[in-house]
Amino acid sequence: MGGSNFYNSQGNMIALADCNNFYASCERVFNPKIKNKPVVVLSNNDGCIIARSNEAKKLGIKMGEPAFKIKNLLEKNNVNVYSTNFALYGDLSKRVMNTIKTEVNQIEVYSIDEAFLDFSDFADEERAFLIKKKVYKWTGIPVSVGIAKTKTLAKVANHIAKKYKKEGVFMFDSEDLIRRALNVFPVEDLWGIGRKISKRLKQFGIYTALQFRETDEKWIKRNFSINGVKIQRELKGEVIYPLETLRPRKKNICTSRSFGKEVKELSKLREVVSSHANSCATKLRDEKSCCLTISVFLSTNPFNSKVKQYYPCRLFNLDVPTNDSIEIVSYALKALERIYRSDCTYKKAGVIVGRIIPESHTQLSLFDNLDRDKRREINSIVDTINRKMGKDKVKLAVQGKTRDWKLRQERLSPCYTTRFADMLQVRV
DNA sequence: TCTGGGGTCCTAGGACCC
DNA sequence: TCTGGGGTCCTAGGACCC
């Protein structure tokens with residue numbers, strides 16, 4: 001660990017704090033019985049594995065694997081299986097991030113379970129270790145921390161911390177250390193290098209991150225576009241992706257779900273699509289944004305080779321930016337009517353709103369005959385009630401009452417932190 | 001029987017203009 | 001014989017991430 005002071009004088013230092021097996025760890029926080037036991041979390045519809053505890057990983061359970069394929073394995077090993085509980089994970093994520101914020105000047109919350117931290121003022125492993133301990137004490141979530149000059153290198157450092165360091169902390173504090181690490185780091189594990197690109201790299205004989213870093217930049221640019229070059233430069237220690245502490249406005253917002261049961265009738269699809277459209281509108285209002293496009297897409301089941309496949313999508317451009325539920329739902333329904341075919345069975349439907357701009361920048365149109373002030377009032381009342389009483393307590397009539405197209409979630413853990421009725425009772 | 005959802009960025013190609 | 005070509009805007013699709 002010596003040499004950290006030398007490195008501190010080099011300016012930019014970034015730490016990546018990444019929660020270990022986040023969803024599985026969340027399930028454990030309120031259920032100590034499953035500590036040290038194999039735990040997996042399933043995707044929507046209880047479809048595939050999206051999180052695994054270390055014990056589950058050791059059993060050979062793979063990420064993304066359909067649960068039905070490994071039913072026997074899960075049962076034989078008494079694996080604790082949970083449906084996703086995003087309300088719980090989202091809330092624990094906020095607590096983790098807020099805890100980290102007490103220890104650093106700048107933080108970029110990168111995803112539900114990761115944050116980049118500014119360590120430029122002082123970088124060493126001890127500082128990371130203190131943060132790690134504090135997060136565990138305050139939230140019960142274990143995190144690992146990787147420290148380096150750039151985000152891409154911090155990602156590598158984090159991998160190493162998770163895999164090889166008992167304390168879960170690792171810092172690149174010399175060029176020699178970086179070289180030795182990259183030399184044994186598989187190119188496909190680099191941030192930004194996915195399955196397709198790593199496959200092509202290997203065809204050219206590039207297997208390690210070090211080989212990638214040392215490849216001619218022009219050749220990389222030609223074969224792997226500007227992104228490849230950016231990754232390469234970050235590996236050399238040049239900051240291409242600075243810390244972004246202001247969350248940029250989303251450019252698209254999408255709500256979509258697969259159905260528990262396939263759907264044929266237009267009437268059901270109308271309920272689904274209005275519900276998704278309403279959810280997009282609510283997300284827009286939460287972000288204080290408006291959209292200028294609304295699209296609807298449908299999809300048949302791509303895994304069923306026996307039925308006719310159909311993946312239609314229809315987009316409407318608006319003249320006046322909106323985040324009004326009623327308006328967005330009515331456009332979405334119009335789009336649905338255009339693409340619906342009665343001779344298909346559908347597995348999935350979704351709504352995307354795009355060309356998003358700040359609410360405050362919206363301009364009035366001469367030809368707009370909607371009473372927008374009144375609509376704004378209605379929406380804000382609905383939002384307030386729903387925030388207090390629970391999602392969809394107030395909704396549009398067209399969304400339907402039954403939601404029998406909704407998700408299958410057979411193994412949902414209680415919403416310990418976000419729903420009063422589910423709060424953990426502690427006896428003293 | 002059962003196969004996630006929500007994002008971003010980049011590129012190629014068409015339309016259009018001069 | 002020779003059938004421009006560069007810029008811009010838009011969109012669809014691919015690749016990636018978590």
Side-chain angles (χ1 to χ4, degrees), chain A residues 16-23 40-52 62-72 74 81-86 89-90 93 108-116 151-152 155 158 187-201 221-231 240-241 244 247-262 276 279-280 283-284 287 292-293 295 297 299-306 311-315 317 347-356 406-411:
Chain A
L16 171 63
D18 189 324
C19 301
N20 301 346
N21 317 322
F22 184 54
Y23 300 163
V40 298
V41 177
L42 304 178
S43 64
N44 276 318
N45 285 321
D46 293 346
C48 12
I49 310 283
I50 56 169
R52 309 153 295 160
K62 292 201 194 66
M63 187 70 173
E65 200 158 22
F68 73 91
K69 280 191 182 167
I70 54 165
K71 200 156 173 267
N72 289 338
L74 294 174
V81 180
Y82 292 90
S83 302
T84 48
N85 184 346
F86 270 101
Y89 312 151
S93 171
E108 174 187 344
V109 177
Y110 177 71
S111 73
I112 193 161
D113 68 338
E114 277 173 78
F116 290 106
K151 287 182 177 176
T152 306
K155 279 269 185 183
N158 194 283
V187 75
E188 67 265 27
D189 289 348
L190 284 174
W191 193 38
I193 306 274
R195 243 184 38 243
K196 289 274 168 66
I197 289 177
S198 61
K199 196 177 156 200
R200 279 186 56 215
L201 282 168
K221 169 105 199 266
R222 208 165 46 240
N223 288 281
F224 300 97
S225 89
I226 189 70
N227 284 328
V229 176
K230 287 180 179 170
I231 296 168
I240 305 291
Y241 304 113
E244 298 189 36
R247 198 165 50 93
R249 196 170 294 273
K250 286 197 175 72
K251 296 180 177 168
N252 299 287
I253 290 174
C254 170
T255 306
S256 75
R257 293 284 182 284
S258 299
F259 308 135
K261 245 190 302 181
E262 293 187 2
H276 290 344
S279 141
C280 284
K283 291 179 194 170
L284 278 172
E287 296 236 323
L292 275 160
T293 68
S295 13
F297 65 88
S299 140
T300 49
N301 184 355
F303 298 102
N304 186 348
S305 52
K306 287 180 199 134
Y311 307 101
C313 176
R314 168 82 206 211
L315 178 146
N317 275 298
K347 181 64 183 165
K348 186 175 181 178
V351 176
I352 306 170
V353 293
R355 284 177 59 202
I356 291 173
K406 77 171 195 302
L407 304 172
R408 220 176 9 223
Q409 285 193 321
E410 287 170 358
R411 300 153 177 278

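In what follows, chains are A, B, ... by sequence order, proteins preceding strands, each numbered from 1.
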Rounded to whole Å, the CG-C1' distance (A/D46 to B/dT3) equals 12 Å
Using whole Å, report how far CG of A/L315 lies from P of C/dT11. 7 Å
Sequence neighbours excluded, the answer for side chain to side chain donor-acceptor pair (under 3.5 Å) partners of A/N317 is A/R355
A/F297 CZ to B/dG6 C1', in whole Å, measures 10 Å
Quick one: stems involving DNA chain C, counted as three or more successive Watson-Crick or G-U pairs, both distances short of 3.5 Å. B:5-18 with C:5-18
Would you find a donor on one side and an acceptor on the other, under 3.5 Å apart, between the side chain of A/K283 and the backbone of A/C254? yes
Applying side chain to side chain donor-acceptor pair (under 3.5 Å) to A/K348 and not counting sequence neighbours gives none
Separation of atom CE in A/M63 from atom P in B/dT3, rounded to whole Å: 17 Å
Using the side chain to side chain donor-acceptor pair (under 3.5 Å) criterion, which residues pair with A/D113? Sequence neighbours excluded. A/S111
How would you summarise protein contacts on nucleotides 13-18 of chain C per nucleotide, using B for base, S for sugar-phosphate only and - for none, with heavy-atom distances below 4.0 Å? --SSSS
5' precedence on DNA chain B between A/K69 and A/I226 (nearest-nucleotide basis): A/K69
For nucleotides 7-9 of chain B, give me every protein contact, N/O to N/O, under 3.5 Å, one pair per line with atom names.
{"from": "B/dG7", "atom 1": "OP2", "to": "A/C254", "atom 2": "N", "distance (Å)": "2.5"}
{"from": "B/dG7", "atom 1": "OP2", "to": "A/C254", "atom 2": "O", "distance (Å)": "3.3"}
{"from": "B/dT8", "atom 1": "OP1", "to": "A/K251", "atom 2": "N", "distance (Å)": "2.8"}
{"from": "B/dT8", "atom 1": "OP2", "to": "A/N252", "atom 2": "N", "distance (Å)": "3.3"}
{"from": "B/dT8", "atom 1": "OP2", "to": "A/N252", "atom 2": "ND2", "distance (Å)": "3.4"}
{"from": "B/dC9", "atom 1": "OP2", "to": "A/K251", "atom 2": "NZ", "distance (Å)": "2.8"}

Which residues satisfy the salt bridge (Lys or Arg N to Asp or Glu O under 4.0 Å) test with A/R222, sequence neighbours excluded? none
Rounded to whole Å, please give me the gap between CG in A/L42 and C1' in B/dG4. 11 Å
By salt bridge (Lys or Arg N to Asp or Glu O under 4.0 Å), which residues pair with A/E65, not counting sequence neighbours? none
Nucleotide B/dG6, atom C1' - distance to CZ of A/R257 in whole Å: 9 Å
Sorted by chain and number, sequence neighbours left out, side chain to side chain donor-acceptor pair (under 3.5 Å) with A/S279 holds for A/T255
Kindly point out which of B/dG6, B/dT3, B/dC10 is positioned nearest to the side chain of A/F303? B/dT3
Under 3.5 Å, which donor-acceptor pairs do the side chains of residues 193-201 of chain A form with other protein atoms, sequence neighbours left out?
{"from": "A/S198", "atom 1": "OG", "to": "A/G194", "atom 2": "O", "distance (Å)": "2.9"}
{"from": "A/S198", "atom 1": "OG", "to": "A/R195", "atom 2": "O", "distance (Å)": "3.1"}
{"from": "A/R200", "atom 1": "NH1", "to": "A/N223", "atom 2": "O", "distance (Å)": "3.4"}
{"from": "A/R200", "atom 1": "NH2", "to": "A/N223", "atom 2": "O", "distance (Å)": "3.2"}

Gap in Å between the two C1' atoms, one belonging to B/dG4 and one to C/dC17, rounded: 14 Å
At less than 4.0 Å, is any side-chain N or O atom of A/S256 found next to OP1 or OP2 of B/dG6? Yes or no. yes
When you measure from the side chain of A/S43 to the backbone N and O of A/C48, does any donor-acceptor pair fall under 3.5 Å? yes
Which residues satisfy the salt bridge (Lys or Arg N to Asp or Glu O under 4.0 Å) test with A/K221, sequence neighbours excluded? none
Integer-rounded Å distance: B/dG4 C1' and A/H276 NE2: 13 Å
Roughly how far, to the nearest 0.5 Å, is the CG atom of A/D189 from the NZ atom of A/K155? 11.5 Å
Go through the structure and list residues passing salt bridge (Lys or Arg N to Asp or Glu O under 4.0 Å) with A/E262, not counting sequence neighbours. none
Given atom CD of A/E65 and atom C1' of B/dT3, what is their separation to the nearest angstrom? 11 Å
Looking only at side-chain atoms of A/S225, point me to the closest of B/dG6, B/dT3, B/dC10. B/dC10
Just N and O in the side chain of A/K261: are any of them under 4.0 Å from OP1 or OP2 of B/dT1? no
